[in-house]
Engineer: 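My questions will all concern the structure given below.
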Number of protein chains: 4
Amino acid sequence: MVGGGQGGYIGAAHRLAARLDDCYDFVAGALSSDPQRAAESGRVLRLDPARSYADYREMARVEAQREDGIDAVVVVTPNHLHAPVTTAFLEAGIHVICDKPLAMSLEEALQMQALAQSTGKLLAVTYTYSGYAMVRHAKEMVAAGELGEVRFVHVEYVQDWLAEPVEQQGNKQAEWRTDPARTGPGGCLGDIGTHAYQLASFVTGMLPSDISADVVAMVPGRRVDDHVQAILRYPSGARGSLFASQIATGEGNALRLRVYGTKASISFDQEHPDFLWYTPLNGNPVWLTKGRAHSPASDHATRIPAGHPEGYFEAFAQLYRDAALQIAAMLERRPIPASSALLTTVEDGVQGMRFIEAALRSSAQAGARVPIA
Amino acid sequence: MVGGGQGGYIGAAHRLAARLDDCYDFVAGALSSDPQRAAESGRVLRLDPARSYADYREMARVEAQREDGIDAVVVVTPNHLHAPVTTAFLEAGIHVICDKPLAMSLEEALQMQALAQSTGKLLAVTYTYSGYAMVRHAKEMVAAGELGEVRFVHVEYVQDWLAEPVEQQGNKQAEWRTDPARTGPGGCLGDIGTHAYQLASFVTGMLPSDISADVVAMVPGRRVDDHVQAILRYPSGARGSLFASQIATGEGNALRLRVYGTKASISFDQEHPDFLWYTPLNGNPVWLTKGRAHSPASDHATRIPAGHPEGYFEAFAQLYRDAALQIAAMLERRPIPASSALLTTVEDGVQGMRFIEAALRSSAQAGARVPIA
Amino acid sequence: MVGGGQGGYIGAAHRLAARLDDCYDFVAGALSSDPQRAAESGRVLRLDPARSYADYREMARVEAQREDGIDAVVVVTPNHLHAPVTTAFLEAGIHVICDKPLAMSLEEALQMQALAQSTGKLLAVTYTYSGYAMVRHAKEMVAAGELGEVRFVHVEYVQDWLAEPVEQQGNKQAEWRTDPARTGPGGCLGDIGTHAYQLASFVTGMLPSDISADVVAMVPGRRVDDHVQAILRYPSGARGSLFASQIATGEGNALRLRVYGTKASISFDQEHPDFLWYTPLNGNPVWLTKGRAHSPASDHATRIPAGHPEGYFEAFAQLYRDAALQIAAMLERRPIPASSALLTTVEDGVQGMRFIEAALRSSAQAGARVPIA
Amino acid sequence: MVGGGQGGYIGAAHRLAARLDDCYDFVAGALSSDPQRAAESGRVLRLDPARSYADYREMARVEAQREDGIDAVVVVTPNHLHAPVTTAFLEAGIHVICDKPLAMSLEEALQMQALAQSTGKLLAVTYTYSGYAMVRHAKEMVAAGELGEVRFVHVEYVQDWLAEPVEQQGNKQAEWRTDPARTGPGGCLGDIGTHAYQLASFVTGMLPSDISADVVAMVPGRRVDDHVQAILRYPSGARGSLFASQIATGEGNALRLRVYGTKASISFDQEHPDFLWYTPLNGNPVWLTKGRAHSPASDHATRIPAGHPEGYFEAFAQLYRDAALQIAAMLERRPIPASSALLTTVEDGVQGMRFIEAALRSSAQAGARVPIA
């Protein structure tokens, strides 16, 4: 693991997720860019001191040479380090699992994509919410034509944790996420807008061609956007609506998706992830329930019968499990198992960067419709 | 009543709503533009044949002269007749309660507004959903500052009854509502988009200054729009999101509003109208319930204690009750009672027309941001 | 109408319900047992003074003789007057619509039943909640075998309005409802327990044979029960669970029913009456929605398309409409129309009295299982 | 671990739960009573073959002697082995975490309790649902008097997985759970009735004194009960209602609790465990949300901010974490940390056996009220 030292938030979540399905051992890390904090974090997390590195470059070099070196590294640094860290490990021949947004720019993302291709290593990108059983079930339903032709997609991701200028009040998470030098050009856009965009793309299997967006910082003094709205157009003529907001007072972590097709619609709410509403045209809504609504994709991501809630960590763990399946197959020179094919990777990361750049471009032109390219 | 003959949908709803609170007697009508159907409808509805008119102009003329002539008329014709019928009765000195959208164009609406002002008669416009107790409670909460400064408003109105080309399959309601000559330039825009726009304005007390819209007919062969999306900007810097769709498969009559302020947010869903979610910043959601969440406005619109559901007809009846309170005051030359002040009128109708015209203007310019004026 | 004068609660609800579907004219009343209050109430409600009676016996006598006398009377007095008033009108040849519980004792109820039979007049009993479209739909589903064999029925009716000794604090409704002389031997048992019992019987078409009950007054000083629990056994071997409580803090008017069969289950909640959960064995729940879940019974009780909420008054009005259909048929010597056959009558009223008496008998024997007979 | 071999259900859940918070290493097991299956299970789970035992007695003996022997054992066998296995390990000086119901009889349970006391070892009993943050929050609210005096408790636990005679159709889980020799005298009573009873006791801090119960096998040919109903009385005069059913068609794993006090009520539903309804008398319901409704108890059981769902495994892991905190303290001869005090133990297990025995006793006497003793 690179990043994820003491006081961090997402590093601990990644470790728990990796541990949950018992596919990984946590054996090495460069847990902080501050060497002392790196060492202290390694101690607390019971790393072998010899494998608790002060520098990620050294870690990549040393681990690549060890007989028992790591098979894969997790990158949970602030965004500006995603590209250099990922590059160092891919070049060292080590598989990478990287947090999103993938990079600081589309250009950087495309370089990472090219490197992943040329090295033949896995570059997974943790779009956590695509790990839910019912999200995967939704994707299968759309792909199987159960919704007919998709006409309208609405996705939203709303939170309230940045409704006040907490980055000026000592909130470390908020500090780097509102600092353009570390978070990139998109604030809310990158942090949660990309999740919303990816979820819609993942489930529908469709990428929009055009966007009209309004990207704004609502909180006085904030240096990146905290509220985003967009109208999307798909090549098929379908339309999309997207908003993401970190100033949506009263909201926790509400990522919600609806897909309306000619035959039926579905609706998903991340805060109630075991369920998926499905409603046929003129019909009664059906509350598809994890463990009762079976499909290969949902069954693969379900650990326990209906009525036993699974949550955020289980969705996260699903990505780790799928990555492990792919890495194991690569190590053993077997084909990637089909069951793991829904793992999100650098392709999704690149699309996220395209979205960020197009949204900013449109917003700079008073919301003019621009291509996503 | 003008319009509302046999086979009509909204006329019966208006009659039930007018009857519910026992403020009106139904005594005269020009129930159809087809004289035979008008007569037959009057017979079925037990009108005095002498007051069952073949022509609304005759009705206005005769009723104005009768000693026991009507105090008020209800206009429930297709949209293209709203202006001429309203004009005839206002000019005859009779109060008017007119369905929405108010007119075929902003210009026509402004003329109706001017006539209402010059005649001093009531011109109520039945934005039904503003009659709900919890909608009125929401309005009071915003006005009292309980939400702080409003930052983001999302409103949507989604239905599926036009998801297929039912206007070509004998559905009378769909026929006139998709015929530009009778429904006006906006289809979905006028039929339900105006409801969404009005609800947001009613609750927040704010009107947006700019709009970026995408207005489209999704169903092949349809002559008016059936799907609308918009990004709104308010003078305060607040943002709005609106969509209205009549091709939203699986949806019945889902008019939903959320208002996010600096201190709290609220969320209303017309299909569950006795309830209003209220969530303070970083706090737990409160399920404000009709009959338990008291305010002068909500108590005025509540007929029965908590736990006894009131619905669409009661909201509708509330407009009729408020109109009756205003008309009675006017007849008795008393001031309009404050309790009835939330009745929606020609002002709301005019705003609806401004919205329709601006949305169409923006959409014609590839979604460019245009003023609502 | 007998009873229902000023300050009453249920009288106004009955009048609104009778008016809603335009089947009744309100023309005569003995609105209070206090002559002055009766007269004043008649004046406010715009009754012809000649038909605003000081005494219900006089009303029965005079109206029976008038050429334009009433066809039917509504009895909305406290419970102890149900039997004498009903008797007076039935004997005068006038149809009766009586509130529940029907009587002060099973014996009294049986006499009323015998009188209704011998006079051939309608004696409807207003079990309001059986008027909901989705309750009737539920009944049809069970009757059609869609649930298989019923195994378990749970019904509950919980309120909090008597959680404190409000009868000692000037609450008129509470006063008579907690006075054994006016409310009868059962307090909560009669007021809402009978509703719960009737709803379960109505939907399942089954009457239990045995009961084990615990009937208690929780609030110190209360003279009747305010909390009831029971275990029921049906002749088929099915089991039932029932509780009714007026001290259930936080509850408004929550009448909820679940029926579990061998093939599927259903669940209804009066506070959300447009909906009915239906779940097949091992399947996903379906949210049956008024206006989308069609059956002759539900369509007959639906006034407006899906997504337009109907509520308590509409359910109530349904009973009035069905009673009107039956009375009109009787007046015109036609057979009772099948569509009105779900109207609740004296039969339901008698069953309610059997339930009250058996519950009290069991509770007096430390909850021993006793027959309902 | 004793039990939990291949094909088992609950063993895998225990292992995942123990791993989640990184407090345990899985190093030894007697995973099946069938030696070959035990060995094969150990291999698959990557146990050191030397510590994969064919017999739990040998495991207790050998592990107690190893320098690196286990600190604690998990007992996930069928119920009839709980007592002998627990006894073997407690006598060997090893802490025990045992599944519920604790034993085959109250007598057996009392012996286990005595042994735990005399050996001074931990005997935790995994009442999983008491590990939820919002359940613990509920317990704190009641203890703090926020509900006032408790008057009525309703708890239910309903499932449908035994609605058909699946034990005759090859379902291994159903086989032993419906075999009196392995599951004990209570079927549904022990399997889920004890969970319901424990949850009510845990949250309210109250134990009922009397019970009137109806315990029945609904499915023809079933050898143990599959449906249970009970009326409970508390020493304070409060009343309780409990039902548990494994033939409740359409239900997954619905453990639901409501507590009504003089000041407020709460309602919890295990299938939506991040939430707890709280409603004050005459007030509006508040949807207390994990991560937003803070208390020492709920914060201790929360791993991630509001809006990130935690589920069954996290609740389960909470018990393991609390047990680890207690075991670590015992090993280091420190006082048990207060934060871990909500761990369920042999005391809860004994109460569960009292409940089973009293319910069976009452049911055998036609539901007569009997003491729980």
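Keep in mind that what you see is a predicted model, and the values were worked out from it rather than measured. Lettering of chains follows the sequences in order, A, B, ..., and the numbering in each one begins at 1.
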Engineer: Report the residue from A/Val259, A/Leu281, A/Thr279 that forms a side-chain contact (heavy atoms from CB on, under 4.5 Å) with B/Thr249.
Structural biologist: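 Answer after filtering A/Val259, A/Leu281, A/Thr279: A/Leu281.
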Engineer: Just wondering, are more than 12 heavy atoms of other shown residues or ligands nearer than 6.0 Å to CD in A/Gln365?
Structural biologist: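 Buried by this count: over 12 neighbours within 6.0 Å.
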Engineer: Could you check whether any side-chain N or O of A/Gln229 sits under 3.5 Å from a backbone N or O of B/Arg239, counting only pairs where one atom can act as donor and the other as acceptor?
Structural biologist: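 No; judged by distance alone, with no hydrogens or angles, the pair does not exist.
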Engineer: Sort A/Glu156 into side chain, backbone, both or neither according to what part of it lies under 4.5 angstrom from a heavy atom of chain B.
Structural biologist: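 For A/Glu156, side-chain heavy atoms alone lie under 4.5 Å from chain B.
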Engineer: Can you tell me which of B/Ala248, B/Gly283, B/Ala368 forms the most heavy-atom pairs within a distance under 4.5 Å of chain A?
Structural biologist: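 The option with the most such pairs is B/Ala248.
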Engineer: Where do B/Ser212 and A/Gly367 come nearest, in terms of heavy atoms and distance?
Structural biologist: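 Here B/Ser212 and A/Gly367 meet closest at OG-O, 4.3 Å.
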Engineer: Which one of A/Leu147, A/Asn284, A/Ile266, A/Asp214 has the most heavy-atom pairs closer than 4.5 Å to chain B?
Structural biologist: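 Heavy-atom pair counts peak at A/Asp214.
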Engineer: Would you please classify the geometry between the B/His154 ring and the A/His154 ring as parallel, tilted or perpendicular, with 30° and 60° separating the classes?
Structural biologist: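 Rings of A/His154 and B/His154: parallel, as their planes differ by under 30°.
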Engineer: To the nearest 0.5 Å, how far apart are CD1 in A/Ile247 and OH in B/Tyr260?
Structural biologist: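 Result: 9.0 Å between the selected atoms.
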Engineer: Which bit of A/Val158 comes within less than 4.5 Å of chain B, counting heavy atoms only: side chain, backbone, both or neither?
Structural biologist: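 Side chain only.
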Engineer: If you count heavy-atom pairs under 4.5 Å with chain B, which of A/Arg258, A/Lys263, A/Glu164 comes out on top?
Structural biologist: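 Heavy-atom pairs under 4.5 Å are most numerous for A/Arg258.
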Engineer: Using non-hydrogen atoms and a 4.5 Å limit, figure out which bit of A/Pro285 sits close to chain B: side chain, backbone, both or neither.
Structural biologist: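 Neither; nothing under 4.5 Å.
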Engineer: Rounded to the nearest 0.5 Å, what separates atom CG in A/Asn282 from atom CH2 in B/Trp161?
Structural biologist: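 It is 12.0 Å, given to the nearest 0.5 Å.
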Engineer: Mind ranking B/Gly252, B/Pro280, B/Gly250 by heavy-atom pairs under 4.5 Å with chain A and telling me who comes out on top?
Structural biologist: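 The residue among B/Gly252, B/Pro280, B/Gly250 with the greatest pair count is B/Gly250.
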Engineer: If we define contacts as heavy-atom pairs under 4.5 Å, which of B/Ala366, B/Ser265, B/Ser245, B/Gly237 has the most with chain A?
Structural biologist: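 Looking at each of B/Ala366, B/Ser265, B/Ser245, B/Gly237 in turn, B/Ala366 comes out on top.
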Engineer: Any chance you could measure A/Ile231, atom CD1, to B/Ser241, atom OG, to the nearest 0.5 Å?
Structural biologist: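 Reported value, rounded in 0.5 Å steps: 8.0 Å.
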Engineer: Check whether B/Glu251 gets within reach of chain A through its side chain, its backbone, both or neither, counting any heavy atom under 4.5 Å.
Structural biologist: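 The side chain, not the backbone.
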Engineer: Could you give me the CA-CA distance, side-chain angles and deciding distance for B/Val219 and A/Arg151, then say whether side-chain contact (heavy atoms from CB on, under 4.5 Å) is met?
Structural biologist: CA-CA 10 Å; B/Val219 171; A/Arg151 278 179 170 162; 3.7 Å; yes
Engineer: Can you say whether A/Ser267 sits under 4.5 Å from chain B via the side chain, the backbone, both, or neither, judging by heavy atoms?
Structural biologist: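 Looking at A/Ser267, nothing touches chain B.
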